[in-house]
Amino acid sequence: MRSEQEMMKLLLDFAIHDDRIRLVTLEGSRTNKAIAPDTFQDYDISYFVTDMDSFREKDQWLSVFGKRIMMQKPEDMELFPNELGNWFSYLMLFEDGTKVDLTLIPLLEAEEYFAGSDGLVELLLDKDTLIKREIIATDRQHWITKPSAREFDDCCNEFWMVSTYVVKGLARKEILFAIDHLHGIARPNLLRMMAWSIGIEHGYTFSVGKNYKFINRYLPGEDWEQLLSTYSENGYKEMWQSLFTCYELFRKYSKKVSEALGYEYPDYDDAITKYTGTVYHSLP
């Protein structure tokens, strides 16, 4: 695999020698000092260009970055909607394992880009000195935040209400429906509540990572193992147990947050738990 120095030089040299490219930025994990570098990190690069069409006409210019084994152009796909507006991206995996996510952005939309950034941005090249303010990469926007009383209640409400859809799916023998609601809605709110509890204990000056990928660093070992067990979804018995474990963990962490912040704990926990038990024990 090519080194970071090699790849950054390649990506920057191309931009330097192409007059259509006026600005270059680096985004994502490579700008985040809190994340240890590894060989799987993408190069998230944006080129701000004066002529989008000339780049998009043909893909041959991309060959300068190496031999690709696969490329995706999300904004040129029919099955999935375009989410980037006038921007256009090339997600490229090269034969040496290097991954480059390269986005073309109209130069006129540079201010819009920086205004909407999540903060993890480094300015690598500015040929015309267009950006007047200092750009410092920070993950501050991803830090754990203290929940308001309303946010706490909303999280509880969503978790317990959606759990009834999981119950309904399991009772009807519609396991994919149940899995989707547990995995896609209920558990993310459990993780959100866990993160709030971590913030209360450790402060609100850090992130637990995208998809809560670093949350295990802050959880007791027993709770981490319990959380992992809720990803066992390959049968009805496993799904019921995963749901019950989610209930236990959510109750534990939401009560911690409630007590620490003085927020009212919802009484529907008992009602939904009783409802779930009634349905479970009524099944053949």
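Because the structure is a prediction, the values reported are computed rather than measured.
Residues W87 and E109 have side chains that bring a donor and an acceptor to within less than 3.5 angstrom of each other. One side chain, T276 or Y247, offers a donor N or O that lies under 3.5 Å from an acceptor on the other. Under the 3.5 Å distance criterion, with hydrogens and angles disregarded, no donor-acceptor pair is assigned to the side chains of Y165 and D180. E27 and Y113 share a donor-acceptor pair across their side chains, judged by distance under 3.5 Å alone. Side-chain N/O atoms of R22 and T50 include no donor and acceptor closer than 3.5 Å. With no hydrogens or angles considered, no side-chain donor-acceptor pair links E122 and T31 at under 3.5 Å.
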Practice task
For the pair E233 and R187, evaluate salt bridge (charged side-chain N to carboxylate O under 4.0 Å, His left out) and give the outcome as yes or no after the intermediate values.
Solution key: CA-CA 12 Å; E233 302 171 337; R187 194 189 295 107; 2.8 Å; yes

Handout entry: Pair V24-F48, side chain to side chain contact (heavy atoms under 4.5 Å, CB included): steps then yes or no
Key = CA-CA 6 Å; V24 180; F48 296 77; over 6 Å; no

Handout entry: Verdict with reasoning, M71 to L91, per side chain to side chain contact (heavy atoms under 4.5 Å, CB included)
Key = CA-CA 5 Å; M71 178 168 69; L91 314 184; over 6 Å; no

Problem - Stepwise side chain to side chain contact (heavy atoms under 4.5 Å, CB included) check, H142 with L120 - result: CA-CA 10 Å; H142 301 281; L120 288 172; 4.1 Å; yes

Handout entry: R140 and T205: CA distance, side-chain angles, deciding distance, side chain to side chain contact (heavy atoms under 4.5 Å, CB included) verdict
Key = CA-CA 8 Å; R140 180 180 289 271; T205 58; over 6 Å; no

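Residues T129 and I131 fail the side-chain proximity criterion, which asks for heavy atoms closer than 4.5 Å. A 4.5 Å side-chain heavy-atom check between L26 and I45 finds at least one atom pair inside the cut-off. For the pair P147/L261, a side-chain contact is recorded, criterion being any heavy-atom separation below 4.5 Å from C-beta on. Counting heavy atoms from C-beta on, the side chains of I135 and F114 come closer than 4.5 Å. By the 4.5 Å heavy-atom criterion applied to side chains, I21 and F14 are counted as neighbours. Between S89 and L84 there is a side-chain heavy-atom pair separated by less than 4.5 Å. Using a 4.5 Å cut-off on side-chain heavy atoms (C-beta onward), Y280 and S282 make no contact. Looking at heavy atoms from C-beta onward, K252 lies in side-chain contact with D223 at the 4.5 angstrom threshold.
Considering CZ of R192 and SG of C155, their distance stands at 5.5 Å, rounded to 0.5 Å. In this structure, S63 OG and R68 CZ are separated by 7.0 Å, a value rounded to the nearest 0.5 Å. Residue K210 holds its NZ atom at 7.5 Å from NZ of K213, rounded to the nearest 0.5 Å. Taking CD1 of I69 as the reference point, atom NZ of K99 lies at 11.0 Å (rounded to 0.5 Å). Put simply, CG on L249 and OG on S229 are 7.5 Å apart, with the number rounded to the nearest 0.5 Å. Going from atom CG of L243 over to atom CG of L170 covers 7.0 Å, rounded to the nearest 0.5 Å.
In this structure, R2 forms a cation-pi arrangement with F94, its terminal cationic atom sitting closer than 6.0 Å to the ring centre and no more than 45° off the ring axis. The cationic atom of K168 (NZ for Lys, CZ for Arg) does not lie both less than 6.0 Å from the six-membered ring centre of F177 and within 45° of the ring axis. Cation-pi geometry between K173 and Y236 is met: the NZ or CZ atom falls under 6.0 Å from the ring centre, inside 45° of the normal. For the pair R20 and F55, the distance from NZ or CZ to the six-membered ring centre is under 6.0 Å and the angle to the ring normal is within 45 degrees.
No more than 12 heavy atoms of other residues, nucleotides or ligands sit less than 6.0 Å from atom NE2 of H183. Within 6.0 Å of NZ on K9 lie no more than 12 heavy atoms contributed by other residues, nucleotides or ligands. No more than 12 heavy-atom neighbours from other residues, nucleotides or ligands sit within 6.0 angstrom of NZ on K146. The 12-atom threshold is not exceeded at CE of M70, counting heavy atoms of other residues, nucleotides or ligands nearer than 6.0 Å. The environment of Y265 atom OH is dense: over 12 non-hydrogen atoms of other residues, nucleotides or ligands sit within 6.0 angstrom.
Checked by atom type and distance alone, the side chain of N32 pairs as donor or acceptor with a backbone atom of A34 at under 3.5 Å. A side-chain donor-acceptor contact under 3.5 Å links Y47 to the backbone of L11. Formation of a donor-acceptor pair under 3.5 Å by the S197 side chain with backbone atoms of K256 is not found in this model.
In the hydrophobic clustering of ILVMFWY residues, with side-chain heavy atoms under 4.5 Å counting as a link, Y204 and Y263 come out together. If you chain together hydrophobic residues whose side chains sit under 4.5 Å apart, L107 and F88 never meet in one group. Following chains of ILVMFWY side-chain contacts shorter than 4.5 Å, one cannot reach Y253 starting from M161, and the two form parts of different hydrophobic clusters. Following chains of ILVMFWY side-chain contacts shorter than 4.5 Å, one can reach L182 starting from L227, so the two form part of one hydrophobic cluster. Both I200 and M194 belong to a common hydrophobic cluster when Ile, Leu, Val, Met, Phe, Trp and Tyr are linked at side-chain heavy-atom distances under 4.5 angstrom.
Annotation for I198 and I144: closest pair CG2-CD1, 4.0 Å, computed over non-hydrogen atoms. When all heavy atoms of L125 and A15 are compared, the closest pair comes out as CD2-CB, 4.0 Å. In terms of heavy atoms, K73 sits closest to D59 at NZ-OD2, 2.9 Å. Considering all non-hydrogen atoms of both residues, Q41 and P37 come closest at OE1-CA, 3.2 Å. Taking all atoms of both residues into account, the shortest heavy-atom contact from E158 to I185 is OE2-CG2, 3.5 Å. Contact record, L190 with C246: CD2-SG, 4.1 Å, taken as the closest heavy-atom pair.
Between D270 and K274 no salt bridge is recorded (no basic side-chain N to carboxylate O distance below 4.0 Å). Using a 4.0 Å cut-off between charged side-chain N and carboxylate O, D139 and K33 make no salt bridge. Note on K67 versus D96: no salt bridge recorded, every NZ/NE/NH1/NH2 to OD/OE distance being 4.0 Å or above. Comment: D44 does not engage R30 in a salt bridge, judged by the lack of any side-chain N to carboxylate O separation of less than 4.0 angstrom.
Exactly one residue among F250, F152, Y268 makes a ring pair (Phe, Tyr, Trp, His ring centres under 6.0 Å) with F159. That residue is F250. Among the candidates Y43, W61, F65, the single residue satisfying the ring pair (Phe, Tyr, Trp, His ring centres under 6.0 Å) test with Y90 is W61.
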